[in-house]
Peer 1: 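Pasting a structure here, questions to come.
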Amino acid sequence: KQELVKKYILMHEDALKTSDFLKTNNFYSWSIISGYYSMYYKALILLAKNHNLKPKSYEAHSQVINALHFFYNKKHEC
C-alpha cells in the first residue's frame, strides 16, 4: 500500500509541475489536460490511503469517479 501511495504522489507532483510549466509557456490546452491528470492522481492517493482501493487499469478513470462519488455520498448521508 505504501509503495502504491508513493507512486501516486510522484505522479501527481509530476503532472502538477508539467501543468504549471505548460501554462507558463502559453500551452493552455495541454496545461488543462495535465492539470486533470494531477487531480486524478490526487484522487488515487485519497482512495489508496483512506480506502485501500486501487482501480483496475481498464476504465480506471470512471472507477475513480464512481468511488469518489460513493464515498462522498456515504460520508454525507442523513
Side-chain angles (χ1 to χ4, degrees):
K1 176 181 169 181
Q2 290 290 351
E3 289 299 317
L4 184 62
V5 171
K6 287 180 186 178
K7 175 184 166 186
Y8 290 153
I9 289 171
L10 290 174
M11 293 166 75
H12 161 71
E13 290 171 351
D14 184 52
L16 190 59
K17 287 177 188 174
T18 301
S19 178
D20 287 341
F21 171 80
L22 291 168
K23 183 176 69 174
T24 302
N25 290 288
N26 298 323
F27 295 104
Y28 301 112
S29 296
W30 290 109
S31 176
I32 291 168
I33 293 167
S34 187
Y36 165 81
Y37 277 98
S38 175
M39 290 186 298
Y40 169 73
Y41 294 131
K42 193 70 163 181
L44 289 176
I45 294 166
L46 172 85
L47 293 173
K49 275 185 170 180
N50 297 341
H51 305 289
N52 202 26
L53 291 176
K54 177 187 175 192
K56 296 182 172 134
S57 60
Y58 180 70
E59 295 185 5
H61 291 262
S62 63
Q63 290 175 352
V64 168
I65 291 168
N66 289 337
L68 290 172
H69 189 267
F70 172 81
F71 288 113
Y72 177 83
N73 286 339
K74 188 175 179 180
K75 184 177 179 179
H76 293 92
E77 284 180 342
C78 294

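Keep in mind it's a predicted model, so treat the numbers as computed, not measured.
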Peer 1: Check side-chain contact (heavy atoms from CB on, under 4.5 Å) between L53 and all other residues, then give those that pass, not counting sequence neighbours.
Peer 2: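 If we apply the side-chain contact (heavy atoms from CB on, under 4.5 Å) test to L53, skipping adjacent residues, the hits are L47, H51, A67, F71.
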Peer 1: Run the side-chain contact (heavy atoms from CB on, under 4.5 Å) test against A15 and tell me which residues pass, sequence neighbours left out.
Peer 2: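 Result, side-chain contact (heavy atoms from CB on, under 4.5 Å) vs A15: S34, Y37, S38, Y41.
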Peer 1: Taking C-beta and beyond as the side chain, do L44 and Y40 meet within less than 4.5 Å on heavy atoms?
Peer 2: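 In short, these two side chains touch, coming nearer than 4.5 Å.
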Peer 1: Rounded to the nearest 0.5 Å, what's the gap from CD on Q2 to NZ on K49? Could you check?
Peer 2: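 One gets 8.0 Å once the value is rounded to the nearest 0.5 Å.
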Peer 1: Got a second to check how far I45's CD1 is from L10's CG, nearest 0.5 Å?
Peer 2: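 Spacing of CD1 (I45) from CG (L10) equals 9.0 Å.
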Peer 1: Would you say F21 and N25 make side-chain contact, with heavy atoms under 4.5 Å?
Peer 2: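 They are in side-chain contact.
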Peer 1: Any side-chain to backbone donor/acceptor pair from S31 onto F27? Under 3.5 Å, distance only.
Peer 2: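 Such a contact is absent between S31 side chain and F27 backbone.
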Peer 1: How many angstroms lie between NZ in K42 and CD in E13, if you round to the nearest 0.5 Å?
Peer 2: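 The NZ atom of K42 sits 8.5 Å away from the CD atom of E13.
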Peer 1: Once rounded to the nearest 0.5 Å, what's the spacing between atom CE of M39 and atom OH of Y36?
Peer 2: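 If I round to the nearest 0.5 Å, the distance is 8.0 Å.
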Peer 1: Roughly how far apart are T18 OG1 and K23 NZ, rounded to 0.5 Å?
Peer 2: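 It comes to 13.0 Å.
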Peer 1: For L46, run the side chain to side chain contact (heavy atoms under 4.5 Å, CB included) check against V5, L68, V64 and tell me which one passes.
Peer 2: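 Answer after filtering V5, L68, V64: L68.
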Peer 1: Going from CD1 on I65 to NE2 on H61, what distance comes out if it is rounded to the nearest 0.5 angstrom?
Peer 2: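 Here the interatomic distance stands at 8.5 Å.
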Peer 1: Sequence neighbours excluded, which residues qualify as side-chain contact (heavy atoms from CB on, under 4.5 Å) partners of K54?
Peer 2: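 K54 satisfies side-chain contact (heavy atoms from CB on, under 4.5 Å) with L4, Y8 once adjacent residues are dropped.
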